[in-house]
Amino acid sequence: MRIHDTLSGTEKELQPALAPDGVVRMYVCGVTPYSESHVGHALHAIVFDVLRRYLDWRGIPVKHVQNFTDIDDKLIDRAQRLGIPMQDLAEQNIEDYHRQIAAMNVLPAHEYPKVTETVPHIIDFIMGLIDKGFAYPAGGDVYYRVRVFGGPRYGALSKRDIDDLLSGARIDPTELKEDPLDFALWKAAKPGEPSWPSPWGLGRPGWHIECSAMALHSLGEQIDIHGGGADLIFPHHTNEIAQTEAYTGQAPFARIWMHNALLQLGSEKMSKSLGNFVSISEALEKYGSDALRLFVLTSHYRSPVTYSDDALEAARSGADRLRNAAFVEPTGDLEPASIAGLRERFQEAMDNDLNTPQALAVVFDVAKIVNRDRDQKKNVRPAQALLRELAGVLGLTLSAPESASQEAAPFIDLLVALRTDLRAAKLWALSDRVRDGLAELGVTVKDGPEGTTWTAG
RNA sequence: GGCGCCGUGGCCAAGUGGCAAGGCAGAGCUCUGCAAAAGCUUCACCGCCGGUUCGAAUCCGGCCGGCGCCUCCA
């Protein structure tokens with residue numbers, strides 16, 4: 001398959017994998033767990049989950065590593081304000097993250113490294129950079145020499161000129177940088193901050209070094225795919241390239257840099273620091289997992305999407321349509337309609353830089369065939385099986401609505417049976433009263449040629 | 001200021017040289033006691049202007065209108 005690579009600006013063929021075992025090495029930058037996850041993180045998780053599922057489906061083995069940056073300025077600030085240890089706060093939010101992505105049917109990564117568990121590797125990494133002249137200690141800090149790495153090479157990912165960056169460089173008079181462009185690999189501890197011993201005294205890792213160290217140790221010197229949100233292109237991924245390529249002497253660090261566009265809310269980017277976010281749990285409660293996924297996947301991962309209730313409701317209706325088709329009673333036995341070519345169309349779309357909107361169009365086409373076969377008394381099983389298979393690659397569950405309660409089911413069955421008798425007696429007013437009453441309680445009753453069915457939820 | 005992106009039917013969104021996928025919403029019909037679900041039919045010439053080409057939504061130039069990033073951020 002082909003995936004757009006941010007560094008070259010072109011689509012690149014994914015295979016063959018770099019590693020001799022043929023396993024695709026995929027490192028995805030995860031979250032800084034200082035607060036609840038929002039739907040922007042959901043989009044990110046869904047995009048890489050779909051890539052992962054698709055590779056699985058194609059039989060391409062993949063190792064997916066996603067980190068938690070659990071040492072961070074905001075984490076420290078917030079923990080201090082709450083009066084709890086930084087690690088406790090991080091763990092709470094990491095647990096929340098795992099819960100939310102599980103609720104979205106996101107497959108867990110194979111590894112979830114944390115900075116707090118990587119500090120020794122990070123220190124080794126920084127020492128290596130110092131040895132090679134790419135980094136220098138100053139005070140209790142250690143900085144990376146951007147200009148030694150090289151301007152054009154440093155600006156390549158973000159397509160910027162190093163001298164333009166200079167104007168935006170953050171200048172903190174307490175830092176002892178040789179050059180304003182240099183960035184911190186290690187920060188000396190301030191009073192009250194969590195810290196770790198190092199050759200440069202007590203301190204903690206800077207923001208970018210953890211990912212370089214984790215990727216190196218979990219996946220190796222060169223990897224196939226490095227992913228993350230588009231907001232990480234600069235400075236985070238830019239600095240990762242500088243660190244890793246300087247340390248290993250190997251280039252490129254990642255064959256494909258894959259970035260998802262950011263989710264917008266109204267016209268503003270949804271962001272934790274802007275405080276304008278919708279949490280994942282909120283969205284899931286309102287619309288459900290399949291609707292959220294459908295919303296994300298109806299646009300291409302590199303196009304920004306705007307979160308809105310209208311869009312989510314439309315997605316929910318679409319999800320209902322797919323689910324209905326998946327639950328059509330497979331009673332027909334005439335020769336089924338041909339589904340030839342649909343699987344290929346799906347694969348072609350996905351191969352083309354994960355074109356999920358086109359892939360979804362195929363899924364909807366399959367749903368249409370299911371419904372048509374049903375209406376024509378044909379065997380719907382082949383189309384239905386394909387529907388479930390392809391929807392599954394996209395991580396859609398198409399699961400039946402949650403039954404209100406198992407205890408209620410026999411009573412609902414009884415009411416529905418009673419209503420069937422009323423209908424047989426053509427007592428329409430009474431039968432409608434039963435249906436309306438059940439509807440108010442959240443139970444939908446449908447009369448079909450094969451009898452009456454009901455769903456709750 | 002620098003870099004980049006976008007403008008396709010009522011809404012969302014693919015398509016990036018050969019008569020415009022899909023979803024949601026709407027209309028008509030079919031089925032149905034009614035309803036729901038479903039099927040069939042119907043609904044766009046692609047921001048504006050110019051150019052290249054046998055042919056452009058798709059390439060080039062200009063204009064108008066949105067937006068993102070530029071060291072907190074998926």
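In what follows, every chain begins at residue 1, and chains take the letters A, B, ... in the order their sequences are listed.
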- Item | Residues, nucleotides or ligands: over 12 heavy atoms within 6.0 Å of A:Arg2 CZ |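 Check passes, neighbour count above 12.
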
- Item | A:Lys190, NZ: over 12 other non-hydrogen atoms inside 6.0 angstrom |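 Open.
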
- Sequence neighbours left out, what pairs pass ring-ring contact (aromatic ring centres under 6.0 Å, His included) with at least one residue falling in residues 144-163 of chain A?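 For residues 144-163 of chain A, and leaving out neighbouring residues, the ring-ring contact (aromatic ring centres under 6.0 Å, His included) pairs sorted by first residue read A:Tyr144-A:Phe183.
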
- Task: Tell whether A:Arg435 reaches the base of B:C34 with its side chain through a donor-acceptor pair below 3.5 angstrom.
- Result: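 Check passes, donor-acceptor contact within cut-off.
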
Nearest-Å distance once atom [atom1] is located in both [N] and [M]:
| N | M | atom1 | answer |
| --- | --- | --- | --- |
| B:G26 | B:C60 | C1' | 40 Å |
| B:A37 | B:A25 | P | 9 Å |
| B:A57 | B:G18 | P | 11 Å |
| B:C48 | B:U8 | C1' | 15 Å |
| B:G15 | B:A44 | C1' | 14 Å |

- Query: Over how many whole Å does the gap from A:Asp447 atom CG to B:A36 atom P extend?
  - Reply: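 Between P of B:A36 and CG of A:Asp447: 12 Å.
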
- How would you label the contact of A:Lys159 with the nucleic acid (heavy atoms, under 4.0 Å): base, sugar-phosphate, or nothing?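 Sugar-phosphate contact only.
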
- Message: Under 4.0 Å, heavy atoms only, any strand: does A:Asn324 hit a base, just the sugar-phosphate, or nothing?
- Response: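 Counting heavy atoms under 4.0 Å across all strands, the contact made by A:Asn324 is with sugar-phosphate only.
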
- Message: Between A:Tyr154 and A:Gly448, which residue's closest nucleotide on RNA chain B lies nearer the 5′ terminus?
- Response: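 Taking each residue's closest nucleotide, the earlier one in sequence belongs to A:Gly448.
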
- Query: Relative to the 5' end of RNA chain B, which residue comes earlier, A:Gly228 or A:Pro235, by the nucleotide with the nearest heavy atom?
  - Reply: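 Nearest-nucleotide comparison on RNA chain B picks A:Pro235.
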
- When you check the side-chain N and O atoms of A:Asp72 and A:Thr32, is any donor under 3.5 Å from an acceptor?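 Side-chain D/A pair, A:Asp72 to A:Thr32: absent.
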
- Message: Closest approach to the side chain of A:Lys446, judged atom by atom: which nucleotide of B:A38, B:C73, B:A36 is it?
- Response: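 Taking heavy atoms from C-beta onward, the closest nucleotide is B:A36.
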
- Task: Choose from B:G68, B:C70, B:A74 the nucleotide whose nearest atom is closest to any side-chain atom of A:Gln264.
- Result: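 Minimum distance to the A:Gln264 side chain belongs to B:G68.
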
- Query: Among A:Asp413, A:Asp447, A:Asp436, whose salt bridge (Lys or Arg N to Asp or Glu O under 4.0 Å) with A:Arg419 holds?
  - Reply: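 Going through the options one by one, the only one that passes is A:Asp447.
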
- Face-on cation placement of A:Arg160 at A:Phe234 ring, 6.0 Å and 45° thresholds: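 Output yes; distance and angle both within limits.
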
- Given protein heavy atoms under 4.0 Å, the one-letter contact record of nucleotides 12-25 of chain B, with B base, S sugar-phosphate only and - none, is simply -SSS-----BSSSS

- Could you check A:Asp182 against A:Arg147 for salt bridge (Lys or Arg N to Asp or Glu O under 4.0 Å), going step by step and ending with a plain yes or no? CA-CA 8 Å; A:Asp182 294 351; A:Arg147 288 196 190 271; over 6 Å; no

